[in-house]
Number of protein chains: 2
Amino acid sequence: MVTIKDIAAMANVSRSTVSRVLNNSGYVSEEARKRVEEVIEQTGYVPSGYAKSLRTKQTKVIGVILPTIQTETPSRVVTGLGRELSKHGYQILLANTDHDKEKELEYLDLLVRQVDGIVLIATNTEPEIMEKIKSIPLPLVMIGQETEKVMCVTYDDYHVAREITAFLIQKGHRRIGFIGVDETDRAVGYMRKKGFFDEMEAHHLAVEEAWVEKCVFDIYSGHEAMKNILNRSIQQPTAVFAVTDRLAIGAMSYLKEQGFEIPQDMALVGIGASELSQYVDPPLTTVDYKNETAGEEAAKQLLAHIQGQEFQKKLVLDYRLIIRDSV
Amino acid sequence: MVTIKDIAAMANVSRSTVSRVLNNSGYVSEEARKRVEEVIEQTGYVPSGYAKSLRTKQTKVIGVILPTIQTETPSRVVTGLGRELSKHGYQILLANTDHDKEKELEYLDLLVRQVDGIVLIATNTEPEIMEKIKSIPLPLVMIGQETEKVMCVTYDDYHVAREITAFLIQKGHRRIGFIGVDETDRAVGYMRKKGFFDEMEAHHLAVEEAWVEKCVFDIYSGHEAMKNILNRSIQQPTAVFAVTDRLAIGAMSYLKEQGFEIPQDMALVGIGASELSQYVDPPLTTVDYKNETAGEEAAKQLLAHIQGQEFQKKLVLDYRLIIRDSV
DNA sequence: CTGTTAGCGCATTCAA
DNA sequence: TTGAATGCGCTAACAG
């Protein structure tokens, strides 16, 4: 492997000079620069990243920890992150925890010494993890979960849920069901649920227990939830608010199996603006969270932090209600 | 930052001894090991990855280059890769080219000095890229495209296409349309098309030009392709084979807009077994390529290569026809 | 079983 | 404007 030493020898200069042209720092005569550049061109020399890192204490790498890359939210966020980071010469080290808390803890430790900053996507916020996170001596940003003392880029899940519920009510629905997820997921589980219930209460609308289901994050779970709601309810709801598109789509598939017409027999809304949502039948009313933008913003703030510039500690992103035919 | 030197001092041993317990190499007395481990525990010390890399010439990082992470194929592959790699202590450095050839070339150069091996997912195989690839002095595996001289994990696109075409024919279809992609994509564009035409010819079935469309990889493109086929054909096909699920789903959405019943008025098949495919109406007949397995296998072969063990230069993976209601 | 030594490839003083 | 010298944190002979 050709090193800076070889280049120096071939160009008849010292390593320092090569280093200077490499980094465009300090004085280098035109002549010397030209010689060095020629040799670099010829040899196809690329400096060793880790040697450089060892010296400068910068890796130009950002660690990204996520529970899965197979759903649209994280993959969109990663796309946004990558776009912004690559503009500044940073790369992404990907750590997929596969929803495993232990792995998340491990990765956090592992990454500390290998990256300049960390992005956490859709982590759960249980104490053990939060404690570890707070102990990380590196710029770190969480996307999708709001927490104290940690930099974060989030959505206003509470008001989204209120707005979407209000929309259902405005459309004439009075009995509305709810398909949520565990409340340990503060953003998706807790805030969206709270938004829903608060809005219902504000309209003096009751929510029967039979209309409420708790799922995990997959389509089939939404399917089963809808089944449970239907089987259990004395008086059935006329609309259901599912906290994610996948859940809504699962619910939709069950409704169709049972011969329900949507939205006449049952209205349905989700959140996420998944690609899926526009190609199911009928197209799903949902909320666009602009995940790529979230990724870009998170990257910007994180880099600002890393470079010692001013940055936003909390950033709440915009959203957009997409009204389609499922309501 | 606490270094190996600090640990050594605190445990009253030399740096070598600390290194030995860290790497479980050479002899270390129980007593010394215990002291060292205690100090490490207390301080939360983690060795510096790049210092280690500089010394050992190993980064324990694999570079993964892909055109997008927002479609299911690459994200599944990455999941498989990650699962297998993490078992062996390797990590993933993600390079998203956003379908940009220049970026791909750049990343290839950049990664060379930062990783122990490279995985290329769904790259196009044009000469300029292939040349660069061949010049990479690192173990490298391509997933999804078969090429000479480069290690690869692929699917048997040709026979998949023949089989799926045969299936349509066996179901009684004689006039079959084809929605493909550019043939510069050898696997998806060229092989699948060839498989289709060869199978049709083997059954002495003609394919009218009007039934054949070339798309880009998105749902809307499939929608437009179906529109074109319908508008252009004197005698319309009774079935359409789309080379990806997304294309098929786009086609399906146009057919529904036009009031077609599927499969009675038009049968439809795709390839990919996307999650989407089972929740559209009717569920799409498709082919499961087991992308996660491809990722795992690619990782295994690549690691074998890196570790100087025997490895498969070419690996062709299994597939599975999933028959649903769109035919 | 353990410590001393050397050097990986680079950036950065400091002197010239 | 340039080069010599130093050291980042670690591993791997080697000698004890």
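Throughout, protein chains are lettered first and strands after them, A, B, ... in sequence-line order, and every chain is numbered starting at 1.
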Next on the checklist: Please enumerate all residues that pass side-chain hydrogen bond (donor to acceptor under 3.5 Å, both in side chains) together with A:Asn12, with sequence neighbours excluded.
Outcome noted: none
Checklist entry - Can you list every side chain to side chain donor-acceptor pair (under 3.5 Å) pair that touches residues 105-115 of chain A, not counting sequence neighbours? => result A:Asp109-A:Lys132, A:Gln114-B:Gln91
Next on the checklist: Test side chain to side chain contact (heavy atoms under 4.5 Å, CB included) on B:Leu108 and B:Ile65; report intermediate values, then the result.
Outcome noted: CA-CA 8 Å; B:Leu108 244 10; B:Ile65 301 180; 3.4 Å; yes
Item to check | Residue pairs, two or more places apart or on separate chains, that pass side chain to side chain donor-acceptor pair (under 3.5 Å) and touch residues 73-88 of chain A | outcome: A:Glu72-A:Arg76, A:Arg76-A:Asn291, A:Thr79-B:Gln70, A:Arg83-A:Glu292, A:Arg83-A:Glu296, A:Glu84-A:Lys87, A:Glu84-A:His88
Checklist outcome for this item: In 5'-to-3' order, the base (B), backbone-only (S) or no-contact (-) status of each nucleotide in nucleotides 2-9 of chain C, using a 4.0 angstrom heavy-atom cut-off, is BBBBBBBB
Checklist entry - Mind checking what makes salt bridge (charged side-chain N to carboxylate O under 4.0 Å, His left out) contact with A:Glu126, not counting sequence neighbours? => result A:Lys101
Next on the checklist: Whether the side chain of A:Asp185 engages the backbone of A:Asn124 through a donor-acceptor N/O pair (distance < 3.5 Å, no angle test) should be reported.
Outcome noted: no
Checklist entry - Would you find a donor on one side and an acceptor on the other, under 3.5 Å apart, between the side chain of B:Lys314 and the backbone of B:Val150? => result yes
Item to check | Start and end of the DNA chain D segment that chain A contacts, any atom under 4.0 Å from a heavy atom | outcome: D:dT1 to D:dC10
